[in-house]
Structure formats: C-alpha cells, structure tokens
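Please read the structure below before turning to the comments.
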Amino acid sequence: MITDPKIEQYIEELLPARDPLLTEIETYAAEHKVPIVGPAVGRLLTALVMITKSRRIFELGSAIGYSTIWLAQAAGEDAEIHYSDGSAENAERARGYFERAGIANRIHVHVGDALTALAKTPGEFDLIFNDVDKIGYPDVLEAVPSRIRQGGLFITDNTLWHARVLDPQDETDLAVRLFNRQLYASRDFYTTQVPLRDGVSVAIRL
C-alpha cells in the first residue's frame, strides 16, 4: 500500500455509507478481482466534477462502470458521459448497473480500444479520466491534450502503481514512471499528484 495501512483504514472509516448499488459493485469487484477505484477515489472524482461543473466526460478504461457511476451522478442529468472498455462482458455488466442507477440515458457505451473510441467521438471534453492498461499510459498522454477544454481536467488513476514507480521491474512499471515524468513536464497541463489509494494524478488543461 502507498500510505500507512492505518491511515488507509482511518480514511475508510470516515467515509459515509454508499448507495447500496455501489456497495454491491464493491463486493462483486472484490470477489471477482475486478479493479475499481474504490469509494475514497470515487468521492475525489465527485468533488472534482462538482468543482469544475464538468458535464461532458470521457472515461478511458471503465471496467464494470463503478467509477462511471460516481462521475455520472456528480455531473447531473444533463451530462454526457462516455464509458469505454475492451471487454464486452464488462460493458454488459456495466449497462445493467447504469440502468439500476437510473443514469443509463446519459451514458454512451463504447466497447473496444479506448483511444480509438475517443478518436471517433468528436469535440472537447470537460474531463477525461484515464484508467486504461498501464502500459498504454504514455499513448494516452499523447492523445488527450487536444481533447480537453482549457481549464478542464485530465485525471489518471494508479500513478504510484503499488510503489513500483520507485523500482520499476518491467515494461508496465516503466510506462507508468515515464507517464508521470512526461505529465509533469507537459506544457499543456498543470499537474499535481494525490497519494490516495494507488495514486491519482490531477492535471488542469492550460
């Protein structure tokens, strides 16, 4: 874990009770080893959407839709949220959750490569959330600057990558480390990193 386990536990204990559907998804994800951002990061995403009043959002790598629900509920009824995932099975499960959450009408589901889906979707976004396979992080950074409005947000999960950024052992570790360095050096973004859960980078489009 990135932070002291006791701090993680303290944060977890502070969190208010979630919507029963979110709790159900958390349980399913834990039982089936599906990676999700978890409730603490979900609340961070919610706060950032509320602060920026983001309404047009693209999510790169959405798994079973847990973070999509946080984003869509925060953005409101007039939002346009784009879910993308390479797994048709994940997408089908996510669709069911969206229906049950009452947000399906504001979500566009893309199945296949996330960057291909982004390239086929015209226009700028208020917020792009990046959670694709980590080996692809540098490619995402090349693609997104022109797709985010000035003052919009580029948020990336897992940027501390189980602390393997300190001592990279394989190509995936190196890709996350390279992404972090390039994001901080980018003239397109003003970036900060939040050491919450597995690390969340928040970059403002300049």
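Side chain of R106 to main chain of A72: a donor-acceptor pair is present (N/O by atom type, distance under 3.5 Å, no hydrogens or angles). Looking at K134, its side chain does come within 3.5 Å of a backbone N or O of V132 through a donor-acceptor pair. Between the S186 side chain and the Q182 main chain, no donor and acceptor come within less than 3.5 Å of each other. The backbone N or O of F154 sits nowhere less than 3.5 Å from a side-chain atom of R205 that would complete a donor-acceptor pair. The closest donor-acceptor contact from the side chain of R55 to the backbone of D78 lies at 3.5 Å or more, if one exists at all. Without hydrogens or angle criteria, N180 side chain to T159 main chain gives a donor-acceptor distance under 3.5 Å. Although no hydrogens or angles enter the test, the distance criterion places no donor-acceptor pair under 3.5 Å between the side chain of N158 and the main chain of D198. In this structure, the side chain of D113 engages the main chain of T116 through a donor-acceptor pair within 3.5 Å. Of the possible polar contacts, one joining the R177 side chain to the V165 backbone as a donor-acceptor pair under 3.5 Å is found. Judged by distance alone, with hydrogens and angles left aside, the side-chain atoms of R56 form no donor-acceptor pair with the main-chain N or O of A79 at under 3.5 Å.
With a 4.5 Å cut-off on side-chain heavy atoms, L115 and D139 count as touching. You'll find the side chain of R187 stays beyond 4.5 Å of the side chain of L206, heavy atoms only. Residues N130 and V144 fail the side-chain proximity criterion, which asks for heavy atoms closer than 4.5 Å. Residues I128 and I155 form no side-chain contact, since every pair of their non-hydrogen atoms from C-beta on lies 4.5 Å or further apart. With a 4.5 Å cut-off on side-chain heavy atoms, S67 and I36 do not count as touching. Between T27 and E24 the shortest side-chain heavy-atom distance does not fall below 4.5 Å. In this structure the side chain of Q9 never reaches within 4.5 angstrom of the side chain of D4, judged on heavy atoms. Annotation: side chain of H82 is in contact with side chain of H110 (closest heavy-atom distance under 4.5 Å).
More than 12 heavy atoms of other residues, nucleotides or ligands shown are found within 6.0 angstrom of CG on D19. The neighbour count for Y10 OH, taken as heavy atoms of other residues, nucleotides or ligands under 6.0 Å away, does not exceed 12. Counting non-hydrogen atoms of neighbouring residues, nucleotides and ligands closer than 6.0 angstrom, the CD atom of E77 reaches no more than 12 such neighbours.
Shown here are the salt bridge (Lys or Arg N to Asp or Glu O under 4.0 Å) partners of D170, two or more places apart in sequence or in another chain: there are none.
The line from CD of E92 to CD1 of I64 is 13.5 Å long, rounded to the nearest 0.5 Å. Atom CG of L127 is separated from atom CD1 of I81 by 8.5 Å, given to the nearest 0.5 angstrom. Rounding to the nearest 0.5 angstrom, the gap separating the CD atom in Q193 from the OG1 atom in T191 is 9.5 Å. In this structure, CD1 in I57 is found 10.5 Å from CG in L48, a value given to the nearest 0.5 Å. Within the model, atoms CD1 of I25 and CZ of R93 stand 9.0 Å from one another, a figure rounded to the nearest 0.5 Å. How far CH2 of W161 is from CZ of F179: 13.0 Å, rounded to the nearest 0.5 Å.
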Check against side-chain contact (heavy atoms from CB on, under 4.5 Å), V49 and W70: CA-CA 9 Å; V49 170; W70 284 97; over 6 Å; no
Yes or no on side-chain contact (heavy atoms from CB on, under 4.5 Å) for D131 and T156, after CA distance, side-chain angles and deciding distance? CA-CA 6 Å; D131 199 9; T156 302; over 6 Å; no
Please determine whether side-chain contact (heavy atoms from CB on, under 4.5 Å) holds for the pair E124 and I148, giving the CA-CA distance in whole Å, both sets of side-chain angles, and the decisive distance to 0.1 Å. CA-CA 5 Å; E124 288 186 329; I148 303 173; over 6 Å; no
For the pair S62 and E59, evaluate side chain to side chain donor-acceptor pair (under 3.5 Å) and give the outcome as yes or no after the intermediate values. CA-CA 6 Å; S62 307; E59 188 177 19; 3.2 Å; yes
Could you go step by step and tell me if Q73 and T46 meet the side-chain contact (heavy atoms from CB on, under 4.5 Å) rule? CA-CA 8 Å; Q73 289 178 337; T46 293; over 6 Å; no
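Taking the six-membered ring where tryptophan is involved, the planes of Y28 and H32 are essentially parallel, since the angle between them stays under 30° and well short of 60°.
Remark: of the listed residues V109, N90, V111, N90 is the sole one forming a side chain to side chain contact (heavy atoms under 4.5 Å, CB included) with D85.
Under a hydrophobic-cluster definition in which Ile, Leu, Val, Met, Phe, Trp and Tyr are linked whenever side-chain heavy atoms come within less than 4.5 Å, directly or via other members, Y137 and V200 are assigned to different clusters. Under the 4.5 Å side-chain heavy-atom criterion for ILVMFWY residues, a single connected hydrophobic cluster contains both L118 and L141.
Between Y83 and F98, the distance separating the two ring centers is shorter than 6.0 angstrom. Taking the six-membered ring for Trp, F129 and F58 have ring centres at least 6.0 Å apart.
In summary, D157 and R197 engage in a salt bridge, as defined by a charged side-chain N under 4.0 Å from a carboxylate O.
Considering every non-hydrogen atom in both S54 and A75, the closest pair reads O-CB, 3.5 Å. Residues R147 and P122 share a closest heavy-atom pair of NH2-C, 3.6 Å.
No hydrogens or angles considered: a donor-acceptor pair under 3.5 Å links the side chains of D167 and Q169.
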